[in-house]
Amino acid sequence: MKGILRARRLLAVAVLLVAACGESVPAADSDLTGLEFEAGPLGAVVVPPGEQIQIRSLNTISGDNAFLGIPNQRGVEMAIEDYGPVAGREVSMGTPLDDLCSPDGGQSGAQATVADPSVVGVIGTTCSSAAVAASPLISDAGMVMIAPSNTSPALTSDLAGNPSPSHHPGYYRTAHNDLFQGKAVALFVRDHLGLDTAAAIHDGDPYTQGLAEAFRDAFEELGGVVTAFTAVNKGDTDMIAVLTEVAAGRPQTLFFPVFMPEGAFIVQQVDGVAGLEEVTLIVSAALLVDNFMELPESEGVYISGPDLRFGDNRNSITGRSAAELLDAYEAAYGEPPSGGYLAHAYDATTMLLRAIDRVAVAIDGTLHIDRAQVRDELTRTNMDGIIGPIDCDQFGDCGTQRLTVLYNTDARNIEAGKNNVVFEYAP
């Protein structure tokens with residue numbers, strides 16, 4: 001009897017090894033019988049016959065920053081539809097969860113996710129501050145999290161082989177690492193614009209502070225002088241005091257990688273501060289959103305962020321091209337995406353679905369998805385996405401790291417601004 005059980009275990013392991021090597025094992029076509037499934041160290045998701053595979057979307061879908069997160073959520077929906085059944089099962093993302101672009105929202109969404117053991121993984125969060133709170137909970141539960149728009153260096157690594165303080169196993173992202181964006185903005189200011197002095201404003205969260213610090217360090221390495229490095233508080237509406245502090249150093253450039261609505265208040269009040277009448281204003285992808293670019297005061301502002309010139313790129317899993325994705329989005333939702341990370345969310349979702357497809361094993365009609373193998377499969381990711389080649393390092397940085405600076409010239413034609421590239425960076 002022991003020999004029979006051992007043989008069954010070995011056969012089950014062999015099936016898992018086939019899945020791990022990249023062969024899909026759809027439950028509908030390869031249902032095994034009479035075998036035992038032995039889960040790995042992180043456990044396994046068990047999907048009974050006839051039930052759906054569960055993943056979740058945790059993005060910013062309310063408030064001023066919903067312009068960033070709603071396209072992410074919709075990208076998840078579109079990728080699930082385009083991919084089709086996984087291991088012979090339909091996939092559900094359940095009720096969309098809201099990260100509120102905050103630590104509290106990230107923690108709450110993660111708690112709701114990990115309370116359901118049927119969930120394999122999460123696409124999210126939108127904001128790095130939410131990810132810092134969500135990631136440890138997702139990791140401890142053995143789940144995976146793939147972020148379309150988290151860019152804080154704190155979530156992955158220092159790009160020198162060292163994990164960052166808020167890195168946790170099971171975290172991946174298709175967005176860039178802001179150590180690259182900080183350097184890109186510094187090069188744009190120092191070499192492209194030929195400016196020698198700059199100031200930076202953040203709001204203290206992992207994204208804004210991390211990017212401001214990355215810019216400061218890179219700018220100083222290039223010989224530039226940072227005249228002020230300061231912060232506002234989330235919720236501030238009167239920016240005169242902080243802008244007056246900045247003006248004392250007479251900077252040629254002001255970089256403020258903050259969110260709405262604080263970004264709007266800065267750009268609307270800066271002209272009223274003596275010493276900043278001619279300052280060059282630069283923001284980041286947090287303000288690459290319709291509700292900022294529609295402001296008359298946003299005209300003449302430079303916006304750094306991911307390179308959205310996807311050209312003929314196609315997602316190698318679904319075959320969907322960049323142009324086809326945008327057309328389908330507008331047909332489905334009646335508007336172009338209001339933020340810059342739709343393609344990143346779409347590619348992230350297909351990464352997760354393919355990983356599940358490759359490791360899932362059906363035995364006697366029940367689907368088993370080993371959590372450790374899902375992580376291993378994601379770490380091995382090497383595919384073409386709409387955003388370009390996707391290849392994950394050991395800390396979860398999977399994106400292309402290509403960046404651009406846009407110049408917004410007409411608040412009445414923001415789509416033109418989104419395409420008005422004046423500087424590009426490819427490490």
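Hydrogens, waters and symmetry mates are skipped; everything else that's a heavy atom, side chains included, is used.
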Heavy-atom check, side chain of Thr404 versus side chain of Leu308, under 4.5 Å: no
- Message: Taking the side chain as everything from C-beta on, heavy atoms only, tell me whether Thr125 gets closer than 4.5 Å to Met145.
- Response: yes
The single option from Asp347, Thr349, Asp384 that satisfies side-chain hydrogen bond (donor to acceptor under 3.5 Å, both in side chains) with Asn315 is Asp347
Which is it for Asp203 and Asn233 under the side chain to side chain contact (heavy atoms under 4.5 Å, CB included) test, yes or no, and what are the steps along the way?
CA-CA 5 Å; Asp203 66 14; Asn233 298 309; over 6 Å; no
Check: Distance-only, no hydrogens or angles: does the Thr253 side chain make a donor-acceptor pair with backbone N or O of Ala198 under 3.5 Å?
Finding: no
_Please check this pair: side chain of Asp205 against backbone of Thr208, looking for a donor-acceptor N/O pair closer than 3.5 Å._
yes
- Is the charged tip of Arg402 near the ring of Tyr425: under 6.0 Å from the six-membered ring centre and within 45° of its axis? no
_Tell me if the CD atom of Glu81 is crowded by more than 12 foreign heavy atoms within 6.0 Å._
no
Discussion item. Test your reading of the model: is there a side-chain donor-acceptor pair from Arg56 to the backbone of Thr113, 3.5 Å cut-off?
Written reply: no
inquiry  = Is there a side-chain contact between Met78 and Tyr333 in this structure, where contact means two heavy atoms from C-beta onward sitting under 4.5 Å apart?
reply    = yes
Checking the side chain of Thr381 only, and the main-chain atoms of Leu378 only, is there a donor and an acceptor separated by less than 3.5 Å? yes
Side-chain heavy-atom pair Thr366, Pro49 within 4.5 angstrom cut-off: yes
**Prompt:** Do the side chain of Asn59 and the main chain of Ile61 share a donor and acceptor less than 3.5 angstrom apart?
**Reply:** no
I'd like to know whether Glu245 forms a side chain to side chain donor-acceptor pair (under 3.5 Å) with Thr230, so could you lay out the CA-CA distance, the side-chain angles of the two residues, the decisive distance to 0.1 Å, and finally the verdict. CA-CA 8 Å; Glu245 176 189 349; Thr230 188; 3.2 Å; yes
So CG of Leu403 and CD of Gln401: to nearest 0.5 Å the spacing works out to 7.5 Å
Discussion item. Measuring only between side-chain heavy atoms, which start at C-beta, is Ser157 closer than 4.5 Å to His167?
Written reply: no
So do the side chains of Leu58 and Ile123 get within less than 4.5 Å of each other, counting heavy atoms only?
no
Do the side chains of Arg74 and Glu77 get close enough for a salt bridge, i.e. N-O under 4.0 angstrom? no
Review point. Is Ser304 reaching over with its side chain to a backbone N or O of Val283, donor-acceptor style, under 3.5 angstrom?
Key: yes
Quiz item: Less than 4.5 Å apart, any side-chain heavy atom of Asn72 and any of Ser149?
Solution: yes
Q) Does the ring center of Tyr207 lie less than 6.0 Å from the ring center of His202? A) no
Result for side-chain hydrogen bond (donor to acceptor under 3.5 Å, both in side chains) between Asn177 and one of Asn150, Asp158, Thr156, Thr151 points to Thr156
Output for pair (Ile70 CD1, Asp98 CG), nearest 0.5 Å, gives 9.0 Å
| query | When you look at Leu352 and Ile55, which way does the side chain to side chain contact (heavy atoms under 4.5 Å, CB included) test go after all the steps? | reply | CA-CA 9 Å; Leu352 177 57; Ile55 67 172; 3.8 Å; yes
One should read off an interatomic distance between Ile303 CD1 and Asn408 CG, to the nearest 0.5 angstrom, of 5.0 Å
Other residues, nucleotides, ligands: >12 heavy atoms within 6.0 Å of Lys183 NZ: no
ask   = Between Arg190 and Glu221, is the closest basic N to carboxylate O distance under 4.0 Å?
value = no
In this structure, are over 12 heavy atoms from other groups packed under 6.0 Å from Asp312 atom CG? no
| message | Tell me if the centroids of the rings in His192 and Phe188 come within less than 6.0 Å of each other. | response | yes
Report the C-alpha separation of Val119 and Met143 in whole Å, then their side-chain angles, then the decisive distance to 0.1 Å, and conclude whether the side chain to side chain contact (heavy atoms under 4.5 Å, CB included) test is met. CA-CA 8 Å; Val119 176; Met143 297 179 179; 3.9 Å; yes
Ion pair Glu377/Arg354, N-O distance below 4.0 Å: no
When you look at Thr60 and Asp99, which way does the side chain to side chain donor-acceptor pair (under 3.5 Å) test go after all the steps?
-> CA-CA 5 Å; Thr60 308; Asp99 73 15; 2.4 Å; yes
* Kindly say whether Gln373 contributes a backbone atom to a donor-acceptor pair with the side chain of Asp370 at under 3.5 angstrom? => yes
Between the CG atom in Leu195 and the CZ atom in Phe219, the distance rounded to the nearest 0.5 Å is 7.0 Å
Rounding to 0.5 Å, atoms CD1 (Ile390) and CZ (Arg173) come to a distance of 14.0 Å
| query | Between Asp116 (side chain) and Ala112 (backbone), is there a donor-acceptor pair under 3.5 Å? | reply | no
- Item | Side-chain heavy atoms of Tyr172 within contact of Arg375, under 4.5 Å | yes
